J.: 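Take a look at the following structure, please.
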Amino acid sequence: MDNKLIVSSSPHIRSDETISRIMLDVIIALLPATLASIYYFRFNALKLIVLAVLTAVATEALIQKLLKKPITVNDLSAVVTGLLLAFNIPSSAPWWIPVIGSAFAIAIVKQAFGGLGHNFMNPALAARAMLLASWPVIMTNWVTPGPEAVSTATPLAILKGEAANQVLPSLKDVFFGNVGGCLGETSAILLILGGLYLLYRGVINWRIPFTYIGTVAVMMLIFDGGFNNMVYHIFAGGLMLGAFFMATDYASSPVTPKGQIIFGIGCGVITSVIRLYGGYPEGVSYSILLMNIVAPLLDKYTSPRVFGEVKQNG
Amino acid sequence: MKLKNLTFKGGVHPPHFKEYTEKISLQKAKEPQMVIIPLSQHIGAPCEPIVKVGDRVKIGQKIGEPKAFVSAPIHSSIAGIVKKIVPYTSPIGTQVLSVVIESDGSDEVDENVKPKGDLDSLTKEEILDIIKEAGITGLGGAGFPTHVKLSPPPDKKIDTIILNGAECEPYLTSDHRLMVETPEKVVFGLKAIMKAVGVNKGFIGIENNKPDAIEAMEKAVKDEPNIEIATLITKYPQGDEKRLINAVTGREVPAGGLPMDVGVVVNNVGTAAAIADAIQTGMPLIQRIVTIAGSAVREPKNLIVKIGTLFKEVIEQCGGYKGKPGKIIMGGPMMGIAQFTDEVPVIKGTSGILVLNEKEARIPEPKQCIRCGKCVDICPVNLQPLFISQFALKNMYDEAEKYHALDCIECGSCSFICPSKRPLLQSIRVAKRELISRRKKGK
């Protein structure tokens, strides 16, 4: 034979799954909610989303260039982070909020800890927490959807009795996102649609979103006065966005099946406790961040039983 | 009891690629002019040659004698003159003492090759002896001597025999064609195995992407009350014997244990057919069905090939290479062994010869692990390949052991599914080898 053969150990074929395909799926799943937020919050939304995404991508490229690492913006993970961050800021925010947020998410939370797969927290959520702590007024200045944006409170704040003179929006408005809130978390229906797409594509599995939402539902049903409030709690705040898109972040959630279930339940419990007894009407981002920190421990203590493993002394 | 669409937990769905050859009838390969027969084609001790250079040998004549129980004799596949007895590269990747025989064109058959009589008239011991003397080893690929498998220690009570017709590896269709074309041989072999082990329950497990094989086998066992066909959901690695046992019987072979620990013996359908041949015609294992397929083979086929025929000759009979070959694999693409030359002989475990083109052969560039957890989800033995691999790459073998590296069955599903194209199994293998050699040193 005149040419050399490639020799390697098995397996010799690979699936056609790639990182960029997974990230593209997440972007596709976020698209309906993105379009809705632009529809509801007009140019402001578009501006914030574009700035967040561009800053995320540019920061990633810049840092990788400075560190002389291969530049991997093609894998689209920075786009996802930028998009998710934009989803977490109010439409009334000034232009520099997404810029600072995205730069922080990529530079500090993601790249400083080793890049893709090594961030110990969800970058978008950590950036949101930083923004909220630094500019609390800007980050909670909610406006109504539509061309004449006037100040309003989020449904959950109204539910919590923090906005005495306002009435709860109808469930229909809550479902379709015609309410005050962050850019991307308003339309429950479109987020569920995106989540189902991710489940269908196998990008995420059912464990975290279902246990998360289920736990919140059960706790609200028991501790917050019944079915009606429960429905608002599930569909009105950031729960859908958090459960399907944030808590399922690969790097900052457990990989073991049992770990994922505990993680989901933990997120649900903390969210409910913050919403019911804490100072904030919303609790999704802090609950996920807190559970992010215990994810490695969950992995460590929930190794699945190996097939055929003999039980050792109970 | 209906045994339909059984399965196991985990696993992946690689593309089947069976369409190349699944509808093409078996053909006999051309008689080779020369064969190179390695004296070790099985797991266990190698054989010692019992012929000398210059000797004349006949088809089916024994040329290698085992020196241990876990071993299997080797027979000549052609009639001719022994030219050389030298170390030669075997497709397993090592140099093995091999007998080179040049054909004299006479096709004379050894006088010991004669029918062994009716199955009813043979005793358990006689059947085992026939199997042993015929040099039969597992034809699925691993090549464990069959008579050893069929002689469990007396404290292991065997109650079930399962024939493995899953053929879950992509491309391979040799078992498929065997079941379609000569199902009665498979059934005869199974009955012989059941008698040899003293068991009256037999199953034949077949993946449901082979409806014609299922139909043919169903027909062949119509009058066999003790044999049932179990259809399996098509999923890799269903053909792994522990997955097969789990799917068919629900039993779980303990980690580090053997099928006999749960009362089961598994054999490949091809092995059963070889046993049928050894009893019905007396011909030892000197040929086998080989699937020759892949994007760089001009006319993919299933050929009945004499042991010792060079890969090169077999591929030439399939129209030769289509374009430049990138990779030649013995076996399937998930667990097969890559060859560095096509001048290696077909051995008893050569279920397939696969030639991939240069594009498919390229090894993908690994990227960072994104912790997607897909490898954990699909691992058929519930390992966490990402962690074991990380430890292996950092030479942290103790940690790799804690994560049960040694329970890995090397099916390759993790490497297959990984979106970052990480060499998961490849690195776990390194840890396994290291741990096994440490254990040996410790003893």
Side-chain angles (χ1 to χ4, degrees), chain A residues 1-23 25 69-70 72 74-75 77 114-120 202-205 207-208 248-260 295-296 299-300 302-311, chain B residues 9 12 14-15 170 242 246 252-257 324-329 333-342 354 356 358 360-364 367-374 376-377 380-384 386-387 403-404 407 410 412-413 415-421 425-426 429:
Chain A
M1 291 194 72
D2 50 352
N3 67 313
K4 290 215 164 74
L5 294 167
I6 293 177
V7 180
S8 63
S9 70
S10 66
H12 306 287
I13 50 171
R14 303 298 187 93
S15 66
D16 44 20
E17 276 193 67
T18 59
I19 301 175
S20 49
R21 176 67 224 188
I22 289 174
M23 296 302 165
D25 274 333
K69 281 187 180 172
T72 59
N74 285 341
D75 69 18
S77 64
L116 185 63
H118 295 281
N119 47 287
F120 73 106
V203 172
I204 60 173
N205 65 53
R207 291 184 204 105
I208 292 176
T248 53
D249 173 48
Y250 288 152
S252 54
S253 64
V255 296
T256 65
K258 240 191 254 168
Q260 290 173 346
D299 268 342
K300 188 171 175 185
T302 58
S303 286
R305 188 190 76 98
V306 172
F307 183 92
E309 192 178 358
V310 187
K311 263 194 188 155
Chain B
K9 196 186 143 289
V12 291
K242 295 180 186 175
N246 189 235
E252 206 170 291
V253 179
K324 263 190 177 181
K327 196 180 231 180
I328 300 179
I329 299 160
M334 293 300 286
M335 290 190 79
I337 304 170
Q339 306 295 317
F340 60 85
T341 166
D342 57 3
L354 203 60
L356 304 180
E358 285 185 304
E360 289 170 330
R362 214 166 290 149
I363 299 168
K367 301 224 169 74
Q368 278 192 320
C369 172
I370 57 170
R371 282 176 50 92
C372 64
K374 284 184 201 285
V376 180
D377 274 347
V381 272
N382 296 337
L383 300 180
Q384 299 163 76
L386 76 164
F387 296 135
Y403 276 86
H404 302 277
D407 287 314
E410 306 194 17
S413 299
S415 292
F416 173 81
I417 202 81
C418 181
S420 294
K421 313 291 164 206
L425 168 60
Q426 289 84 348
R429 241 188 219 125

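To find a chain, count down the sequence lines: A is the first, B the second, and so on, and within it residues start at 1. What you see below is based on every heavy atom in this structure, not just the backbone, and it leaves out hydrogens, waters and symmetry mates. It should be emphasised that the depicted structure is a prediction, and the values quoted were computed from it without experimental measurement.
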J.: Minimum heavy-atom separation for Lys242(B) to Gly257(B), with atom names?
T.: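 Minimum heavy-atom contact is NZ-O, 3.1 Å.
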J.: Between Gln368(B) and chain A, with a heavy-atom cut-off of 4.5 Å, which part of the residue counts as in contact: side chain, backbone, both or neither?
T.: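 Interface part for Gln368(B): both.
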J.: Mind ranking Cys372(B), Gly412(B), Gly373(B) by heavy-atom pairs under 4.5 Å with chain A and telling me who comes out on top?
T.: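 When all of Cys372(B), Gly412(B), Gly373(B) are compared, Cys372(B) has the most.
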J.: With no hydrogens and no angle check, is any side-chain donor or acceptor of Glu252(B) less than 3.5 Å from a backbone partner on Gly308(A)?
T.: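 Yes, Glu252(B) side chain to Gly308(A) backbone: donor-acceptor pair under 3.5 Å.
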J.: Could you tell me which portion of Lys327(B) (side chain, backbone, both or neither) has an atom closer than 4.5 angstrom to a non-hydrogen atom of chain A?
T.: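 Both parts, heavy atoms under 4.5 Å.
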J.: Where does Leu356(B) contact chain A at under 4.5 Å (heavy atoms): side chain, backbone, both or neither?
T.: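 Only the side chain of Leu356(B) comes within 4.5 Å of chain A.
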J.: Heavy-atom distance under 4.5 Å to chain A: side chain of Pro170(B), backbone, both or neither?
T.: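 Contact with chain A: side chain only.
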J.: Is it the case that over 12 heavy atoms from other parts of the model lie below 6.0 angstrom from the NZ atom of Lys421(B)?
T.: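 Yes.
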J.: If only side-chain N and O atoms count, and only distance matters, is there a donor-acceptor pair under 3.5 Å linking Asn382(B) with Lys9(B)?
T.: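 Distance-only check passes for Lys9(B) and Asn382(B).
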J.: For Lys374(B), which atoms come within 4.5 Å of any heavy atom of chain A: side chain, backbone, both, or neither?
T.: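 Side chain of Lys374(B) only, per the 4.5 Å heavy-atom cut-off to chain A.
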J.: Where on Cys369(B) is there a heavy atom nearer than 4.5 Å to chain A: the side chain, the backbone, both, or neither?
T.: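 Backbone only.
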J.: Can you tell which part of Ile417(B) gets under 4.5 Å to a heavy atom of chain A, answering side chain, backbone, both or neither?
T.: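 Contact with chain A: backbone and side chain both.
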J.: Let me know if Asn205(A) has heavy atoms under 4.5 Å from chain B in its side chain, its backbone, both or neither.
T.: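 Interface part for Asn205(A): side chain.
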J.: Count the heavy-atom pairs under 4.5 Å between each of Gly336(B), Ala361(B), Ser413(B) and chain A, then report the option with the highest count.
T.: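 Sorted descending by pairs with chain A, the first entry is Gly336(B).
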J.: Over all heavy atoms of both residues, which pair between Ala255(B) and Asp407(B) is shortest? Give the atoms and the distance, please.
T.: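 Looks like CB-OD1, 3.5 Å.
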J.: Between Leu116(A) and chain B, with a heavy-atom cut-off of 4.5 Å, which part of the residue counts as in contact: side chain, backbone, both or neither?
T.: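 Interface part for Leu116(A): both.
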J.: Hydrogens and angles aside, do Arg429(B) and Ser10(A) bring a side-chain donor and acceptor to less than 3.5 Å of each other?
T.: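 Yes, Ser10(A) and Arg429(B) have a side-chain donor paired with an acceptor closer than 3.5 Å.
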J.: For each of Gly117(A), Ser15(A), Ser9(A), tally heavy-atom pairs with chain B at distances under 4.5 Å, and name the one with the top tally.
T.: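 When all of Gly117(A), Ser15(A), Ser9(A) are compared, Ser15(A) has the most.
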J.: Measuring from Asp342(B):CG to Leu5(A):CG, what's the distance to the nearest 0.5 Å?
T.: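 Answer rounded to 0.5 Å: 7.0 Å.
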J.: Could you look at Arg362(B) and say if it's the side chain, the backbone, both or neither that has a heavy atom under 4.5 Å from chain A?
T.: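 Only the backbone of Arg362(B) comes within 4.5 Å of chain A.
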J.: Please determine, by modelled atom types, if Asn119(A) and Asp249(A) share a side-chain donor-acceptor pair under 3.5 angstrom.
T.: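 Yes, because at least one side-chain N or O of Asn119(A) sits under 3.5 Å from a partner of the opposite role on Asp249(A).
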J.: In terms of heavy-atom proximity below 4.5 Å to chain B, should Thr248(A) be classed as side chain, backbone, both, or neither?
T.: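 Answer is neither: Thr248(A) stays 4.5 Å or more from chain B.
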J.: Looking only at heavy atoms, what is the nearest atom pair of Pro14(B) and Phe416(B), with distance?
T.: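 So the two residues come closest at CA-CZ, 3.5 Å.
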J.: For Pro254(A), which atoms come within 4.5 Å of any heavy atom of chain B: side chain, backbone, both, or neither?
T.: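 Only the backbone of Pro254(A) comes within 4.5 Å of chain B.
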J.: Write down the atom of Pro304(A), the atom of Thr256(A), and the distance for their closest heavy-atom approach.
T.: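 Scanning both residues, the minimum pair turns out to be CD-CG2, 4.0 Å.
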